[in-house]
Amino acid sequence: MPPQPGLLGPNPPATRSRPPLRRHLRSVVRPPFADVPGPFRRARVDTSIEEQATAQQERGMRAFWWDGFWASACDSIALNYFGLYLLAFGASASQVGLLSSLSSLFAAVAFIPGAALAERVRGRKTLVLVTGGGIARLALLAVAAVPFVAHGGAAIWLLIGIASFRGFWGQFAIPAWTSLTADVVPIGIRGRFLASRNFGMSIATLAVAPVAGFLIDAFTGFGGWQLVWLMAFVAGAISTWFYSRIPEPAPHAAVAELPQRQEDAGLWRDLLGDRNLLTYLGSVALWNVALQVAGPFFNVYLDQELGASTAMIGFIIAVPSITGLIALPWIGRMMDERGTKWLMVVTGLTIPALPAAWLLVTAPWQVVPLNVASGVLWAGYHLATMNLIMVMAPAAKRARYAAAFQTVTFAASFAGPLLGGLVIEHIGFHAIFALSAIGRLAATGVLLRVDGAPREPHPSPA
């Protein structure tokens with residue numbers, strides 16, 4: 001049957017014809033993230049004129065993508081296994097909660113001086129490299145060395161101290177990191193690019209978390225643990241190198257025009273006078289208290305109450321990365337089309353069902369379907385959280401808005417694990433799961449009152 005001229009044009013060459021359905025699908029379905037710069041150089045990025053990045057921004061986004069990949073490989077070990085490392089030295093659930101609380105407290109203390117320095121120095125990238133990319137990652141070598149110098153209670157307190165030190169310097173860099181990210185990634189494609197970057201980060205977590213669990217189980221004593229911490233350090237060092245390759249753009253014009261002598265007084269008064277921001281910070285505080293009441297103890301529950309092996313815990317940790325990978329291409333586009341706040345509210349209303357479902361868990365395998373859903377929901381929530389503070393902040397105040405957001409986040413995270421540890425000892429694990437679900441739902445109710453409209457305009461066509 002000859003091709004129809006209305007579909008393929010007048011007199012198409014026979015050798016170039018293809019079935020109409022196949023051609024239609026090619027025009028509608030394109031590879032994920034084809035419309036944003038990715039980890040590899042491409043001759044053409046399929047974006048509209050309004051969304052196109054400069055050549056410098058494209059180079060920066062490629063390096064930023066790889067920085068996230070290797071940072072996630074490092075952090076997937078540090079975040080998921082530090083509490084279990086303490087348990088290996090004989091720590092109690094309260095000490096695991098104290099570890100998380102003190103790390104959060106020292107992190108909260110770091111943001112205000114980090115923001116002040118970020119607004120005074122010319123090299124925001126250098127500040128990130130020295131603090132979060134340098135000092136904080138060198139601390140992982142000290143974590144690996146602990147079995148050589150201490151055991152039992154002394155090792156537990158030494159590790160809590162190292163984690164607190166690492167938390168301070170890791171978060172000291174966040175205000176400068178946030179400010180630089182907003183300049184490197186154009187707002188018109190930020191949702192899709194950050195989804196692409198999170199896609200790579202999920203791949204790294206998926207690869208590293210189970211391998212780390214198997215290595216820990218494969219060695220007797222602390223040999224596997226030390227090998228895993230060295231892996232985390234190497235991955236962190238590679239991440240730091242890629243971050244150093246980001247071309248640093250000049251600060252936004254509003255920042256350059258800001259009188260230095262008015263920064264400390266005027267900008268903080270403006271920030272505290274932003275009622276919309278204060279409402280958002282109230283939601284953030286409630287969410288993170290509720291999150292951290294249970295967050296540090298899920299793996300402890302698997303280990304102590306359900307008898308899961310370290311390898312099984314590593315597999316369970318990896319499951320959300322798989323489902324997050326599948327969902328991210330659609331989530332990033334959804335955020336660009338529907339808005340950051342919309343995505344945050346939708347995921348915030350459904351995530352509370354996850355800790356509530358832990359009330360019914362009686363065996364480790366039952367956590368797998370929960371983590372399938374968790375990967376999709378948290379992929380959306382983290383993506384929206386990462387972007388909302390950049391969207392809400394005027395360009396001249398990004399570092400300080402980021403500092404306010406992170407200070408509240410980690411101050412609340414300081415209280416949560418302490419409360420969770422006490423509740424576990426006096427009531428049990430089920431009580432913290434219920435508290436966490438109720439608190440997260442209440443926090444989303446407060447978020448509904450926040451105006452999430454961008455204060456940063458989309459770029460005009462060149």
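Keep in mind the model is a prediction, meaning the values are calculated, not measured. We number each residue from 1, following the sequence as shown.
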Nearest-0.5 Å distance, [atom1] of residue [X] to [atom2] of residue [Y]:
X      : Y      : atom1 : atom2 : result
Phe193 : Thr181 : CZ    : OG1   : 8.5 Å
His382 : Leu377 : NE2   : CG    : 10.5 Å
Ile438 : Leu441 : CD1   : CG    : 9.0 Å

Query raised in the report: Do Arg338 and Trp342 meet the cation-pi criteria used here (NZ or CZ under 6.0 Å from the six-membered ring centre, within 45° of the axis)?
Result: yes

Ion pair Asp75/Arg166, N-O distance below 4.0 Å: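 Yes.
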
Practice prompt. Inspect the contact between Asp67 and Arg197 and indicate whether a charged nitrogen and a carboxylate oxygen are less than 4.0 angstrom apart.
Written response: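 Yes.
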
* Asked: What do you reckon, is CH2 of Trp229 surrounded by more than 12 foreign heavy atoms closer than 6.0 Å?
  -> yes

For this session: Give me the ring orientation class for His430 and Phe433: parallel if the planes are under 30° apart, tilted from 30 to 60°, perpendicular past 60°.
Result: tilted

Check your understanding: Any idea how Trp177 and Phe64 line up, ring-wise: parallel (<30°), tilted (30 to 60°), or perpendicular (>60°)?
Key ->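 Tilted, since the angle between the ring planes falls between 30° and 60°.
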
Would you check if the distance from the ring center of Phe242 to the ring center of Phe69 is below 6.0 Å? no

### Task
Examine Phe405 together with Tyr401 and report whether their ring centres are nearer than 6.0 Å.
no

Side chains of [X] and [Y] only: does a donor on one sit below 3.5 Å from an acceptor on the other?
X      : Y      : answer
Thr205 : Ser72  : yes
Ser436 : Arg440 : yes
Ser179 : Arg124 : yes

